Amino acid sequence: MIHVVRKMFWDFEKEEQWLNEISAKGLALTNYTWCKYVFTETPKNEYTYRIELLDNVPTHPESIAYIRFLEENGVECVSSFGRWIYLRKRSSEGAFDIYTDLESKIKHFKRINTLWNSVMWLEFIIGLANILIGVTNYFTSSSSISLVNVILGGLLILLGLVFLRAGAPIRKKIKKLQQENLIRE
């Protein structure tokens, strides 16, 4: 039987944890699209899930080679969305960790941080541009469209602040891992 769950996550680690909790209940992820998870029934705890943000899109030759390498080691790429891939491995085959050293964990978190920062700055720049257009139009032509630009710009800047806040745990995690790495060296 197929189960569809619509849910949104800002934190990939919480999403991973949730997927593994769902697996413990006997559901296996078969597909993911924007905020939509599709599951089928399987024995409880059959799979362990991990989520990774790739350097390139999954269709890029480097990504294809990497996914092929994972598959050769018993890891299945269940789904992808943008540069994100959803991976699983049979729980019976032992622990499933993509990153076993601190440097690769730090690199992964930096990729995620770069993605969050890019979206955040895009929102800020487009929001500010809309506000400037709205204010300029208001003083030059007294158009009612100016108000729409100002409101839209304000909303985009607020959205940028949401991304700034959502990226804070990632930045903290990077600092923590870097400090831990320094202690180990």
Side-chain angles (χ1 to χ4, degrees), residues 1-123 159-160 162-174 176-177:
M1 178 177 238
I2 294 176
H3 299 269
V4 175
V5 177
R6 297 183 188 281
K7 191 169 178 127
M8 184 175 184
F9 287 93
W10 290 94
D11 183 335
F12 85 96
E13 290 177 306
K14 289 181 181 174
E15 185 177 10
E16 260 184 17
Q17 180 183 359
W18 177 74
L19 286 170
N20 287 308
E21 288 169 3
I22 295 294
S23 177
K25 294 176 182 175
L27 294 174
L29 182 69
T30 57
N31 193 21
Y32 173 79
T33 55
W34 180 250
C35 301
K36 180 183 172 187
Y37 300 82
V38 180
F39 298 94
T40 57
E41 293 179 8
T42 60
K44 293 180 180 181
N45 287 318
E46 184 167 1
Y47 296 105
T48 302
Y49 291 89
R50 296 289 177 251
I51 303 170
E52 183 175 7
L53 180 66
L54 299 173
D55 284 324
N56 302 295
V57 294
T59 55
H60 188 276
E62 288 178 19
S63 297
I64 291 170
Y66 175 67
I67 292 168
R68 190 173 299 127
F69 167 77
L70 290 172
E71 289 171 346
E72 290 169 359
N73 289 286
V75 176
E76 180 185 355
C77 182
V78 178
S79 191
S80 64
F81 185 79
R83 289 177 26 215
W84 291 97
I85 56 172
Y86 291 76
L87 306 168
R88 72 180 177 195
K89 185 176 181 178
R90 291 197 181 278
S91 299
S92 61
E93 295 177 13
F96 176 31
D97 289 314
I98 299 171
Y99 302 109
T100 54
D101 64 295
L102 287 175
E103 280 301 319
S104 59
K105 282 183 185 178
I106 291 168
K107 189 177 176 184
H108 185 242
F109 279 102
K110 282 185 173 181
R111 277 196 306 266
I112 296 167
N113 188 49
T114 299
L115 175 67
W116 281 116
N117 286 342
S118 299
V119 174
M120 174 193 70
W121 282 109
L122 184 66
E123 299 298 335
L159 188 58
V162 167
F163 280 100
L164 176 66
R165 173 71 178 99
I170 297 291
R171 289 186 293 277
K172 285 181 185 176
K173 186 85 169 187
I174 291 169
K176 180 183 172 192
L177 289 171

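Here the structure is a predicted model, which means the values were calculated and not measured.
- In this structure, the separation between CG on L54 and CZ on R111 is 7.0 Å, given to the nearest 0.5 Å.
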I'd like to know whether K176 forms a side chain to side chain contact (heavy atoms under 4.5 Å, CB included) with F109, so could you lay out the CA-CA distance, the side-chain angles of the two residues, the decisive distance to 0.1 Å, and finally the verdict. CA-CA 11 Å; K176 180 183 172 192; F109 279 102; over 6 Å; no
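- No side-chain N or O of T100 forms a donor-acceptor pair with one of D97 less than 3.5 Å apart.
- Here the straight-line distance linking atom CH2 of W84 with atom OG of S79 works out to 13.5 Å at 0.5 Å rounding.
- Scanning both residues, R50 and I98, for their nearest heavy atoms gives CB-CD1, 3.4 Å.
- Side-chain contact between I51 and L19: present, with at least one pair of heavy atoms (C-beta onward) separated by less than 4.5 Å.
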Candidate pair L87 and F96, rule side chain to side chain contact (heavy atoms under 4.5 Å, CB included), full reasoning: CA-CA 10 Å; L87 306 168; F96 176 31; 4.0 Å; yes
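- Shown here for N31 and V78, the closest heavy-atom pair between the two residues is N-CG1, 4.2 Å.
- Residues E52 and Y99 have side chains in contact (heavy-atom distance under 4.5 Å, counting atoms from C-beta outward).
- Heavy-atom minimum distance, S104 versus D101: OG-OD1, 2.7 Å.
- Closest approach of V75 to K89, counting heavy atoms only: CG2-CD, 4.2 Å.
- What you find for A166 and W10 is that their closest heavy atoms are CB-CE3, 3.7 Å.
- Using cut-offs of 30° and 60° for the angle between ring planes, the W18 and F9 rings count as tilted.
- Closest approach of H108 to L53, counting heavy atoms only: NE2-N, 2.9 Å.
- Between E16 and Y49, the closest side-chain pair of non-hydrogen atoms is not below 4.5 Å.
- For the atom pair CZ of R83 and CD1 of I112, the computed distance is 9.5 Å after rounding to the nearest 0.5 Å.
- Note that CG of N20 and CG of N45 are 8.5 Å apart. Values are rounded to the nearest 0.5 Å.
- Rounding to the nearest 0.5 Å places SG of C77 at 10.5 Å from CZ of R88.
- With rounding to the nearest 0.5 Å, the separation of CZ in R171 from CG in N113 is 6.0 Å.
- For S63 (side chain) and T59 (main-chain N/O), no donor-acceptor pair under 3.5 Å exists by modelled atom type.
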For residues 32-42, please give each side-chain donor-acceptor pair under 3.5 Å, one per line with the distance, not counting sequence neighbours.
{"from": "Y32", "atom 1": "OH", "to": "C35", "atom 2": "N", "distance (Å)": "3.1"}
{"from": "Y37", "atom 1": "OH", "to": "E15", "atom 2": "OE2", "distance (Å)": "2.4"}
{"from": "E41", "atom 1": "OE2", "to": "H3", "atom 2": "NE2", "distance (Å)": "3.0"}

